[in-house]
Amino acid sequence: MVELERQLKIIQKNTVEILPERELIEKLKSSLKKKKPLRVKYGIDPTGAEIHLGHTVPIRKLKDFQDLGHKIIFLVGDFTARIGDPTGRNETRPILSKPQIEENLRGYKQQIRKILNLKKTEFRYNSEWLAKLKLEELLKLSSNFTIARILERDDFFLRYKSGKPIFMQEFLYPLMQGYDSVVLNSDIELGATEQKFNLLAGRTLQEVLGKEPQVIITVPILEGTDGKKKMSKSFHNYIGINEKPEEIYGKLMSIPDSLMKKYFHLLTELSEREIFKLLKNPLLAKKRLAASIVENYYEKRKAEKAEKHFETIFQKRKVPEEMPVLQLKRENLKEGKIWIVRLLCLTKLTTSHNDARRLILQKAVSLNGEIITNPDLEIELKEESILKLGKRHFIKLKTT
RNA sequence: GGGUAGGUACCGAAACGGUUAAACGGAGCAGACUGUAAAUCUGCCGGCGAUGCCUUUGGAGGUUCGAAUCCUCCCCUGCCCA
């Protein structure tokens, strides 16, 4: 195992808070002495969400722990998913079936294996104990919290103030998350800053129930591609790690410059000094950022290809080497012709005929390099043509 | 349980019997400008082979030539009283 000072330094990097830091040091010391790894808990929802770069911030931190020889425990909130973490604006969620949860989790693992060594990782489901929890026990747990305390939580407070509903079950969420820590005997629990309250609930309950309280570590929340709101699927500002290299690269290039520094620190291995140097040239810096993040999830070759692709399409405004191909069936053609609006819908580039019309009128559509302006146009297709929508959507059409 | 204010498109929010797919803002999309950035400007932002037609303002009925707007019942939420 790695010596204390170095461990501490690695752990501290890119965190917002470590509470209480002194306890962390104690835990590390005793772990070294007994040669016993610390148990690091991280909670996830089995809702089948795509993992995006925002999620990778805590997961990368978990990797630090894993590399230091500690034990990572993923707490799968299959029971708590019924409530939905009140963080953010969610409504009550549908109850997931067991097979559904299994499938979601497979998808989850498939994604995080790009970051963590899954063989050394433990997965636990909280229905294992929460489903069995008796009302009596729940009462006992809840007697450790007051409404005022829970209402302090920022998102509850805001909702309450603005007259939005808060349901009883939501108040129970931090409690249950805290109870998970009790059962799992976690030494450390990790989460984004918005999780602070829930993480602290774990400390409280562990202490009350006679266990050594966990240390909580919070990591920053990552803003999405818009540079304002936190990265989230519902804000459409996310970059999924399963997306194609070109997509990841392109989306990263579109983030505001002001975000680059944070992205570099939280999502790449580059050193402070390298980052500082790079940032002097924003364009190059961003390209480097995009490339190195793509490399985290794909081979280097793919990252280079993504960069080329970007340069071709956006910097040179040329047609990319590769693009999706659509084979047009004969029944779609009338005397060898097809209505442009219909064609766009067939390619799924547009969602409706109106959508297609609009885009044509806005000069967003071109065929073989020529902008189409007439939405009533019947076009005659050659064996092979290239249809372009907006700046970045290309489709190769074949008629043979 | 009683009182009261509400439920409008992805979100926030106007309109409160008749120039109407429903002001305005945000998000999104397209175009211009760029470093595909940001900022800014412009346009679009329910559907239909379409100078017209169809479906929309919590749900179901009703009044009316005409309803998001009025009435009845139901569902949901905030606040106050208990």
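It should be emphasised that the depicted structure is a prediction, and the values quoted were computed from it without experimental measurement. All values below come from the heavy atoms of this structure, side chains included, with hydrogens, waters and symmetry mates left out. The chains referred to below are lettered A, B, ... by the order of the sequence lines, with proteins before strands, and numbering in each begins at 1.
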Trainee: To the nearest Å, how far apart are R342(A) CZ and G49(B) P?
Mentor: 10 Å
Trainee: So which protein N/O to nucleotides 21-30 of chain B N/O distances come out below 3.5 Å?
Mentor:
{"unit_1": "A30(B)", "atom_1": "O2'", "unit_2": "Q362(A)", "atom_2": "O", "d": "3.0"}

Trainee: Tell me the interatomic distance from H353(A), atom NE2, to C53(B), atom C1', rounded to whole angstroms.
Mentor: 16 Å
Trainee: For nucleotides A14(B) and G58(B), find the distance between their P atoms and express it as a whole number of Å.
Mentor: 14 Å
Trainee: Could you go through R149(A) and E152(A), starting from their C-alpha distance and side-chain angles, then the distance that decides it, and tell me whether this counts as side-chain contact (heavy atoms from CB on, under 4.5 Å)?
Mentor: CA-CA 5 Å; R149(A) 247 334 239 114; E152(A) 275 170 27; 3.2 Å; yes
Trainee: Are side-chain heavy atoms of P220(A) and K262(A) found at a separation under 4.5 Å?
Mentor: yes
Trainee: So do R288(A) and T268(A) actually touch side chain to side chain, heavy atoms under 4.5 Å?
Mentor: no
Trainee: How far, in whole Å, is U40(B) from A23(B) if one measures between their C1' atoms?
Mentor: 24 Å
Trainee: To the nearest angstrom, how far is R357(A) atom CZ from A50(B) atom C1'?
Mentor: 6 Å
Trainee: Without decimals, in angstroms, what is the distance between K334(A) NZ and G49(B) P?
Mentor: 10 Å
Trainee: Please check the phosphate of G31(B) (OP1 and OP2 only) for any side-chain N or O of R358(A) closer than 4.0 Å.
Mentor: no
Trainee: Could you tell me whether K27(A) and E212(A) make a salt bridge, using a distance below 4.0 angstrom between a side-chain N and a carboxylate O?
Mentor: yes
Trainee: Using atom types as modelled and distance alone, determine if a side-chain donor or acceptor of Q66(A) lies under 3.5 Å from a backbone N or O of I72(A).
Mentor: no
Trainee: Across the strands shown, which category fits I255(A) at heavy-atom distances under 4.0 angstrom: base, sugar-phosphate, nothing?
Mentor: sugar-phosphate
Trainee: Using a 4.0 Å heavy-atom cut-off, does E378(A) contact any base of the nucleic acid, only the sugar-phosphate backbone, or nothing at all?
Mentor: base
Trainee: For S181(A) and Q206(A), which I'm curious about, is there any donor-acceptor pair between the side chains at under 3.5 Å?
Mentor: no
Trainee: What distance, rounded to whole Å, do you find between the two C1' atoms, one in A21(B) and one in U72(B)?
Mentor: 28 Å
Trainee: Answer whether the closest heavy-atom distance between the side chains of L343(A) and L328(A) falls below 4.5 Å.
Mentor: yes
Trainee: Calculate, to the nearest 0.5 Å, the distance between atoms OH and CD1 belonging to Y298(A) and I248(A) respectively.
Mentor: 5.0 Å
Trainee: Hey, are the side chains of E122(A) and R39(A) touching, using non-hydrogen atoms and a 4.5 Å cut-off?
Mentor: yes
Trainee: Map every base of RNA chain B to its dot-bracket character, where paired means a Watson-Crick or G-U wobble contact with both distances under 3.5 Å and | marks a partner outside the strand.
Mentor: (((((((..(((.....[.....))).(((((.......))))).(((...)))...(((((..]....)))))))))))).
Trainee: Quantified in whole Å, what is the C1' atom distance between nucleotide C48(B) and nucleotide A38(B)?
Mentor: 39 Å
Trainee: Suppose you measure atom P in A39(B) against the same atom in A50(B); what distance do you get, rounded to whole Å?
Mentor: 40 Å
Trainee: Restricting both atoms to N or O, compile the protein contacts to nucleotides 54-59 of chain B shorter than 3.5 Å, with distance only.
Mentor:
none

Trainee: Give the nucleotide from the list A50(B), G47(B), G35(B) with an atom nearest to the side chain of D257(A).
Mentor: G35(B)
Trainee: Rounded off to whole Å, could you give me the CZ-to-C1' distance for the F314(A) and G31(B) pair?
Mentor: 15 Å
Trainee: Nearest 0.5 Å please: distance from the NZ atom of K29(A) over to the CG atom of L24(A).
Mentor: 11.0 Å
Trainee: Between E321(A) and K308(A), does any side-chain N to carboxylate O distance fall below 4.0 Å?
Mentor: no
Trainee: What's the spacing between I115(A) CD1 and R60(A) CZ if we round to 0.5 Å?
Mentor: 7.0 Å
Trainee: By nearest heavy atom, map E246(A) and C345(A) onto RNA chain B; which one lands nearer the 5' end?
Mentor: E246(A)
Trainee: Listing time: all N or O pairs from protein to nucleotides 78-82 of chain B that are below 3.5 Å?
Mentor:
{"unit_1": "G78(B)", "atom_1": "O4'", "unit_2": "G163(A)", "atom_2": "O", "d": "3.4"}

Trainee: Enumerate the residues from residues 277-293 of chain A whose closest heavy atom to RNA chain B is under 4.0 Å, giving them by residue number; use none for an empty result.
Mentor: P282(A), K286(A)
Trainee: Say you pick atom P in G78(B) and the same atom in C70(B); how far apart are they, in whole Å?
Mentor: 24 Å
Trainee: Determine, for F156(A) and R153(A), whether the Lys NZ or Arg CZ falls below 6.0 Å from the six-membered ring centre while staying within 45 degrees of the axis.
Mentor: yes
Trainee: Tell me which residues in residues 368-375 of chain A lie within less than 4.0 Å of RNA chain B, going by non-hydrogen atoms.
Mentor: none
Trainee: Could R301(A) and E299(A) be called an ion pair, given the rule that one side-chain N must be under 4.0 Å from one carboxylate O?
Mentor: yes
Trainee: What interatomic distance, in whole Å, is found between C1' of A68(B) and the corresponding atom of G59(B)?
Mentor: 14 Å
Trainee: Using a strict threshold of under 4.0 Å (side-chain N to carboxylate O), is an ion pair present between K287(A) and E311(A)?
Mentor: yes
Trainee: Taking the cut-offs as 6.0 angstrom to the six-membered ring centre and 45 degrees off its axis, would you call K132(A) and F79(A) a cation-pi pair?
Mentor: no
Trainee: Please report, rounded to the nearest Å, how far the P atom of G43(B) is from the CG atom of N354(A).
Mentor: 20 Å
Trainee: Looking only at atom P, what distance separates G6(B) and C10(B), rounded to whole Å?
Mentor: 24 Å
Trainee: Using 4.0 Å as the upper bound for N to carboxylate O, is an ion pair formed by R392(A) and E247(A)?
Mentor: yes
Trainee: With rounding to the nearest 0.5 angstrom, report the CD1 to NE2 distance, I11(A) to H70(A).
Mentor: 5.5 Å
Trainee: Determine whether D78(A) and N126(A) make a side-chain contact, defined as any pair of heavy atoms from C-beta on separated by less than 4.5 Å.
Mentor: yes
Trainee: When rounded to the nearest 0.5 angstrom, what distance separates CZ in R203(A) from CG in L19(A)?
Mentor: 7.5 Å
